Engineer: 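Shown below is the structure under consideration.
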Protein chains: 2
Amino acid sequence: MTTSEPSRPRRPHDRRPTLEAVAARAGVSRATVSRVVNGGTGVRDAVRERVRRAVDELGYVPNSAARSLVTRRTGAVAVVIGEPETRVFSDPFFGRQLRGISRELSAADTQLLLLFVQHRDDHARIGRYLAAGHVDGALMFSLHDGDPLPAMAERCQLPTVYGGRPDWPGADRAPRPLFVDTDNRDGARQAVRHLLDRGRRRIAVITGPLDQTSALDRLDGYRDALGVADPDPRLIADGGFTAEGGERAMARLLAAAPDLDAVFVCSDLMASGALRTLRAQGRRVPGDVAVVGYDDLEPAAWADPPLTTVRQDVEEMGRLMARLLLRRLGAGPEAGEELAPVITAARLVVRESS
Amino acid sequence: MTTSEPSRPRRPHDRRPTLEAVAARAGVSRATVSRVVNGGTGVRDAVRERVRRAVDELGYVPNSAARSLVTRRTGAVAVVIGEPETRVFSDPFFGRQLRGISRELSAADTQLLLLFVQHRDDHARIGRYLAAGHVDGALMFSLHDGDPLPAMAERCQLPTVYGGRPDWPGADRAPRPLFVDTDNRDGARQAVRHLLDRGRRRIAVITGPLDQTSALDRLDGYRDALGVADPDPRLIADGGFTAEGGERAMARLLAAAPDLDAVFVCSDLMASGALRTLRAQGRRVPGDVAVVGYDDLEPAAWADPPLTTVRQDVEEMGRLMARLLLRRLGAGPEAGEELAPVITAARLVVRESS
DNA sequence: ACGGATGATGAGAGCGCTCTCACCCGTACC
DNA sequence: GGTACGGGTGAGAGCGCTCTCATCATCCGT
């Protein structure tokens with residue numbers, strides 16, 4: 001031999017076995033193997049066994065691309081969070097929600113695909129990704145007003161469930177969005193009423209970013225409880241739903257209204273920041289200033305003193321979102337009509353900070 | 001008309017436009033449209049323009065399943081974390097690493113797919129998922145000894161990069177794993193030496209779970225610095241890399257060795273727990289007990305007092321992992337030979353707790 | 001014993017895309 | 001004027017799978 005053959009373009013060794021190969025080995029047709037690999041009804045036991053063995057011996061795993069090309073199903077759903085990971089991974093709220101979602105999805109053998117919105121231009125990228133049919137549906141939460149994602153999902157008819165009532169483009173147009181939310185307004189009302197009951201009169205509020213419906217609703221609940229449509233603006237500060245934001249907002253409030261005797265903080269994480277500021281400025285909690293948080297997550301229990309807060313079952317909300325989406329996907333196109341948004345209750349949990 | 005036709009099986013209205021449709025509209029062949037949509041070389045400007053317009057008008061988005069069926073590329077990589085989400089979302093370490101990874105991947109227009117290992121049986125599910133060709137490669141971290149995932153990835157020849165030196169199945173066999181790690185042993189040595197320099201003599205250690213190489217390496221560094229192969233076992237406790245674990249481990253140490261005057265805690269999160277215990281038991285930091293952490297993440301800066309700790313650039317490590325994997329994927333099959341594990345340096349950051 | 005259920009199996013047509021190869025036509029060269 | 005060349009374009013063969021139908025046993029009732 002002088003020169004060996006040029007290397008073949010096809011390298012069978014790095015090719016995973018296909019249905020065809022399994023069929024050949026088991027001495028049946030592709031169709032039969034497919035039947036066994038999937039549902040597996042209508043195949044004689046002896047044949048099924050032979051196919052199973054062939055699958056094992058060859059280490060056959062179905063090619064997902066080929067499969068979803070014909071079924072138009074991918075077995076995956078996207079979770080889109082309208083925040084940069086920095087926030088997502090520092091606020092336990094997201095972890096909890098994601099946990100509920102992931103539990104429910106993996107029980108249904110559905111993959112979870114996590115997407116973060118970092119920059120403005122990420123919207124386009126994510127929109128393209130969703131439109132490309134990588135996923136069967138989407139779960140979106142922590143979106144901010146004017147986010148183009150809902151409209152994009154709508155346009156490419158991607159089944160979507162929102163966490164928190166979304167800022168919906170064509171407000172009352174036919175296709176109503178599916179979402180899971182807590183009764184934020186009522187939760188806030190409970191918190192502020194509790195402070196009033198405790199005899200507090202100068203009650204401040206640290207809000208979330210007001211381009212989110214949840215933050216807005218909680219602020220509305222604060223107004224409801226106070227019974228004033230237009231409360232003293234010196235008592236309102238935006239803490240952006242972060243610990244540092246809460247820290248700074250508290251400082252601003254103390255500067256603008258040194259006489260405040262209570263503060264309703266719209267998330268536990270912000271409350272932990274607010275407590276730091278209060279401690280630093282020598283105000284006792286709850287002696288000088290009573291504090292109520294929102295969420296009832298780790299920061300509330302760990303806080304010093306432990307935080308009175310409004311409990312919402314975040315994990316359950318995640319589960320509900322996933323369940324809603326799965327139903328939406330599983331049912332026929334019009335069976336979806338029965339599905340409706342879910343609003344869960346909020347409940348005050350009294351601890352030592354108020 | 002008496003009865004309308006039975007509804008057609010095909011519903012063209014819910015079908016997204018295909019290459020074929022774009023080709024027809026632009027008056028060219030599928031091949032040409034494909035050329036424009038992808039690289040786009042070798043097409044006359046006029047034609048390219050016409051195709052572009054057709055794409056826009058139809059709102060065409062390539063079908064990813066069809067594409068990856070033929071290209072054998074998915075444009076996505078999996079990130080597998082060997083911990084339940086509970087931990088992932090409460091330890092800022094993961095968030096940081098993920099952030100580095102996600103930055104690098106999205107710059108390369110590659111999707112990130114997050115998978116958690118919750119239960120024992122998740123391994124099988126994840127293995128199947130990886131084998132099914134949903135992703136082009138994987139990034140795995142926080143794996144524990146004896147985890148079958150590396151072997152699975154190896155078997156289906158999935159390009160993989162590990163975060164932290166993995167517990168490698170065939171130790172010295174040919175295919176060496178690709179990983180990114182910090183010099184944990186040296187970092188620990190620095191921390192403990194620093195405590196010795198400060199005159200401490202009874203130095204305890206709170207370790208991570210000892211089935212992880214990073215925890216093991218740090219414990220080795222502790223031994224190195226003390227210069228004893230077999231330190232007093234009363235000075236060693238496992239904190240499991242969680243805040244509560246650190247809290248409990250500190251309590252155990254104080255009970256077993258009340259005379260300890262310093263503790264090297266192998267993660268900031270555990271250190272925050274340890275500080276709680278010390279405070280609760282009335283030990284002053286650093287007066288009575290000096291504390292050094294590891295990681296230099298938020299808990300270190302926020303701690304009271306601010307924590308002396310060992311800094312590792314976690315985000316950068318994430319970025320390095322992603323970059324390594326992308327190179328591995330981009331390069332030809334044998335060009336991969338040049339790629340080697342990366343070990344970054346650790347550096348002590350002195351603050352007020354020591 | 002025979003027509004008609006019934007149930008297991010195989011043949012084959014796509015799903016939407018990429019990519020090779022052949023083709024066409026215009027330009028350059030002898 | 002013929003040959004060679006090369007860039008732009010189209011035809012068509014798959015990628016690996018699912019699913020509809022046709023086919024063929026098998027078994028029942030009369």
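Please read these numbers as outputs of a predicted model, since none were measured by experiment. In what follows, chains carry the letters A, B, and so on, assigned in the order in which the sequence lines appear, proteins first and then strands, with residues in each chain numbered from 1.
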Engineer: Measuring from the side chain of A:A31 (C-beta onward, heavy atoms only), which nucleotide among C:dG10, D:dT9, C:dT9 has the closest atom?
Structural biologist: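 Closest nucleotide among those given: C:dG10.
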Engineer: Is there a side-chain polar atom (N or O) of B:S34 under 4.0 Å from OP1 or OP2 of C:dT18?
Structural biologist: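 Yes, within the criterion.
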Engineer: On DNA chain D, compare the nucleotides closest to B:A66 and B:G42; which residue's is nearer the 5' end?
Structural biologist: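 Taking each residue's closest nucleotide, the earlier one in sequence belongs to B:G42.
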Engineer: Between A:R30 (CZ) and D:dT20 (P), how many Å, whole number?
Structural biologist: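 To the nearest whole Å, that distance equals 15 Å.
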Engineer: Please check this pair: side chain of B:T110 against backbone of B:A108, looking for a donor-acceptor N/O pair closer than 3.5 Å.
Structural biologist: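 Side chain of B:T110 to backbone of B:A108, a donor-acceptor pair under 3.5 Å: yes, one is there.
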Engineer: Roughly, in whole Å, what's the span from NE2 in A:H134 to P in C:dG16?
Structural biologist: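 Taking NE2 of A:H134 and P of C:dG16, I get 16 Å after rounding.
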Engineer: Within the pair A:N63 and D:dC15, is there a side-chain N or O less than 4.0 Å away from OP1 or OP2?
Structural biologist: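 Answer no for this pair, as no side-chain N or O of A:N63 is under 4.0 Å from OP1 or OP2.
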Engineer: Of all the choices, C:dT18, D:dG10, C:dT9, which nucleotide is nearest to the side chain of A:R35 once you look at every atom?
Structural biologist: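 Selected nucleotide (nearest to the side chain): C:dT9.
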Engineer: Can a side chain N or O of B:R44 be found less than 4.0 Å away from OP1 or OP2 on D:dG8?
Structural biologist: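 Indeed not, no polar side-chain atom of B:R44 lies that close.
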Engineer: What is the distance from CG of B:L19 to C1' of C:dC15, rounded to the nearest Å?
Structural biologist: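 Going from CG in B:L19 over to C1' in C:dC15 covers 13 Å.
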Engineer: Rounded to the nearest angstrom, tell me the gap between atom CG in B:L69 and atom P in D:dA13.
Structural biologist: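 Result: 17 Å.
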Engineer: So, does A:R72 get its side chain near the phosphate of C:dG16, meaning an N or O under 4.0 Å from OP1 or OP2?
Structural biologist: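 For C:dG16, OP1 or OP2 has a side-chain N or O of A:R72 closer than 4.0 Å.
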Engineer: Would you confirm whether B:D147, through its side chain, and B:L143, through its main-chain N or O, come within 3.5 Å as a donor-acceptor pair?
Structural biologist: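 Answer holds: no.
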Engineer: Does any N or O in the side chain of B:R319 come within less than 3.5 Å of the main-chain N or O of B:R99, such that one atom is a donor and the other an acceptor?
Structural biologist: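 No, the answer is negative, given that no donor and acceptor are paired below the 3.5 Å cut-off.
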Engineer: Closest to the B:V43 side chain: D:dT9, D:dT18, C:dC17?
Structural biologist: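 Selected nucleotide (nearest to the side chain): D:dT9.
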Engineer: Between B:R30 and B:L19 (side chain of the first, backbone of the second, donor and acceptor by atom type, cut-off under 3.5 Å), is there such a pair?
Structural biologist: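 Checked: no pair found.
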Engineer: Output yes when at least one side-chain N/O atom of A:S29 is less than 4.0 Å from OP1 or OP2 of C:dA11, else no.
Structural biologist: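 Checking A:S29 against C:dA11: no side-chain N or O falls below 4.0 Å of OP1 or OP2.
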Engineer: Does the side chain of A:T32 get closer than 4.0 angstrom to OP1 or OP2 of C:dG10 through an N or O atom?
Structural biologist: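 Checking A:T32 against C:dG10: at least one side-chain N or O falls below 4.0 Å of OP1 or OP2.
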Engineer: Heavy-atom distance under 4.5 Å between the side chains of B:H134 and A:L113, does that happen here?
Structural biologist: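 B:H134 does not reach A:L113 side chain to side chain.
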Engineer: Please report, rounded to the nearest Å, how far the C1' atom of C:dC17 is from the CG atom of B:N38.
Structural biologist: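 So the two atoms are 9 Å apart, to the nearest Å.
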